There are 2 protein chains.
Amino acid sequence: MPANTANAMERKTGIALWRQVADRIRQGIGSGEFDGDGRLPPETALAERFGINRHTVRSAIAALVQEGVLRAEQGRGTFIQRRRRFTYPISARTRFSEGLRDQARDRRGHLLAHARETASPRVAEALGIPEDDPVIRLETLSEADGRPVSRATSWFQAERFSGIADAFASSGSITVALRDHGVADYLRKSTIVSARHAESADLADLKLAPGAIVLVAVALNVDPDGRPVQFSETRFAADRVELSVSE
Amino acid sequence: MPANTANAMERKTGIALWRQVADRIRQGIGSGEFDGDGRLPPETALAERFGINRHTVRSAIAALVQEGVLRAEQGRGTFIQRRRRFTYPISARTRFSEGLRDQARDRRGHLLAHARETASPRVAEALGIPEDDPVIRLETLSEADGRPVSRATSWFQAERFSGIADAFASSGSITVALRDHGVADYLRKSTIVSARHAESADLADLKLAPGAIVLVAVALNVDPDGRPVQFSETRFAADRVELSVSE
DNA sequence: GTTGATTTGTCCGTATGTATA
DNA sequence: GTATACATACGGACAAATCAA
């Protein structure tokens, strides 16, 4: 029986075999393939199933152990380390930390980088400012219970929000950082959701494997007067997050 | 000049260099880096910028051409290939055909299959009926301008919507089919959006390549009295559709 | 219309990394 | 540990197409 026509790993794809195997195992876990006892088949069985060498399976498992997806115990077997999927609400009052309040004990935002630059056509149009006006860009990472959940790029008008980077760095919260700049309240005006493969930089920050999928939310927040305050593109790890749209 | 410390590609990561370069270029396109004339810098310039060989850049470009992101013309240059994505609105009044009214001349729904079955726990909970109550399941495909856009599985309470399959088959519209069953109006109560790789059946129906991504929307529609009428799981081809959440 | 500069397309060879046996 | 096969990356040379002086 040519059992491997569907299972066969592809070579010369630019993705190392062990990474493809890791993806497959992760996918299998996601679709409940090993739900019975939460235990992975032995390395030799996996090697046979995928039509590859046992050492390649071991590389894949090592990576998944490193990621926290699996837990290997010598002499006993390899087991699934179960995690929940976070549900992230999108509404007029969307805020990261509040949205996950009931789902994670520990929620925090990190500032990875920031820069002052001129607005690209896309950013300028979103923020309603002239092209090439100065803006501040924040590169941020959000974690819940120690796991990276989303990676965002945000733009703010530079004049109005000159100290936004420091404010975010110290508070880890956009809500607090905006409050420091006189924005007591803000509303989500629009959100465009799409999905694609994660890019290399996001793979690293979100601790994802190549081929992983990100949910992309491009959003505009406005103050109570309707003036744009924040334009952002957030990439959510699709295997850890779902978005809930409610009225 | 160590100009490449920030730009340098990483080796021995299990991700081929040309793939990392392709990601970088795709990202650049997404952030509007080449918006001026929609033209990529010459291969030699990209090679220098990334600190790699021109041939490696060429591999990356070849992959992006294959994806439909770029278009290369000998002697002229390499250009960004803009593709049009349908924007599908999600709101309290979400309806497929109306949502795409301004974006596609031709919109239609096809009934692929239908069955009468008993409600699974998930379906029963969503529709607010006892488990194992009879329901009708519709398998539908939606197209816009001749391109498959989404593939949906819908469940309806069997008693109340006994002729829903025929009504949908003849009209190609859920709105019309529900009206035939006395539901003059309905509202979107909740939508959960996630993303994953397409399953093989959906690949065929949506005419997608293996490894393609689908946006999954699990939704509940209710009548004006708040009674559930339709529970559905819709898979959108992620490279053809984005979802717009607006107030 | 010709020439030269620019840019993509193709071919060669070599070195190293990855996976298998 | 060794041998083999293939994929990846680099370097150079030249052909083919385009465009402007």
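Reminder, nothing fancy here: chain letters follow the sequence lines and each chain counts from 1. Quantities reported herein were computed from a predicted structural model and do not represent experimental measurements.
Applying the salt bridge (Lys or Arg N to Asp or Glu O under 4.0 Å) test to Arg147(B) and every residue at least two apart in sequence or in another chain returns nothing. Residues meeting the ring pair (Phe, Tyr, Trp, His ring centres under 6.0 Å) test with Phe168(A), sequence neighbours left out: none. By the salt bridge (Lys or Arg N to Asp or Glu O under 4.0 Å) test, Arg116(A) is found to be paired with no residue, residues two or more places apart in sequence or in another chain being considered. Take Arg240(B) and apply the salt bridge (Lys or Arg N to Asp or Glu O under 4.0 Å) test, not counting sequence neighbours, and it matches no residue. Every residue two or more places apart in sequence or in another chain that forms a salt bridge (Lys or Arg N to Asp or Glu O under 4.0 Å) with Glu117(A) is listed here: Arg137(A).
Rounded to an integer number of Å, the gap from Leu70(B) CG to dT8(C) P is 11 Å. Going from atom CZ of Arg71(B) over to atom C1' of dT8(C) covers 14 Å, rounded to whole Å. As a whole-Å value, the separation of Arg39(B) CZ from dT6(C) P is 12 Å. Rounded to an integer number of Å, the gap from CG of Leu40(B) to C1' of dT6(C) is 15 Å. The nearest whole Å value for the distance from the CD atom in Glu43(B) to the P atom in dG9(C) is 6 Å. Rounded to an integer number of Å, the gap from CD1 of Ile61(B) to C1' of dT7(C) is 11 Å. One atom, CZ of Arg58(B), and another, C1' of dT10(C), lie 8 Å apart when rounded to the nearest Å. Regarding Phe79(B), its CZ atom lies at a distance of 8 Å from the P atom of dT8(C), rounded to whole Å.
Looking at Arg151(B), its side chain never comes within 3.5 Å of a backbone N or O of Glu139(B) through a donor-acceptor pair.
Contact annotation: Thr78(B) reaches the phosphate of dT8(C) (side-chain N/O to OP1 or OP2, under 4.0 Å). Using a 4.0 Å cut-off, some side-chain N or O of Thr56(B) falls inside it from OP1 or OP2 of dC10(D).
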- request: At under 4.0 Å between heavy atoms, which parts of nucleotides 11-21 of chain D does protein reach? Answer with one letter per nucleotide, 5' to 3': B base, S sugar-phosphate only, - none.
  value: BBB--BBBS--
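dG1(D) makes up no base pair with any nucleotide shown, lacking Watson-Crick or G-U wobble contacts both under 3.5 Å.
Ion pair Glu48(B)/Arg54(B) not flagged as a salt bridge, since none of the NZ, NE, NH1 or NH2 atoms sits closer than 4.0 Å to an Asp/Glu carboxylate oxygen.
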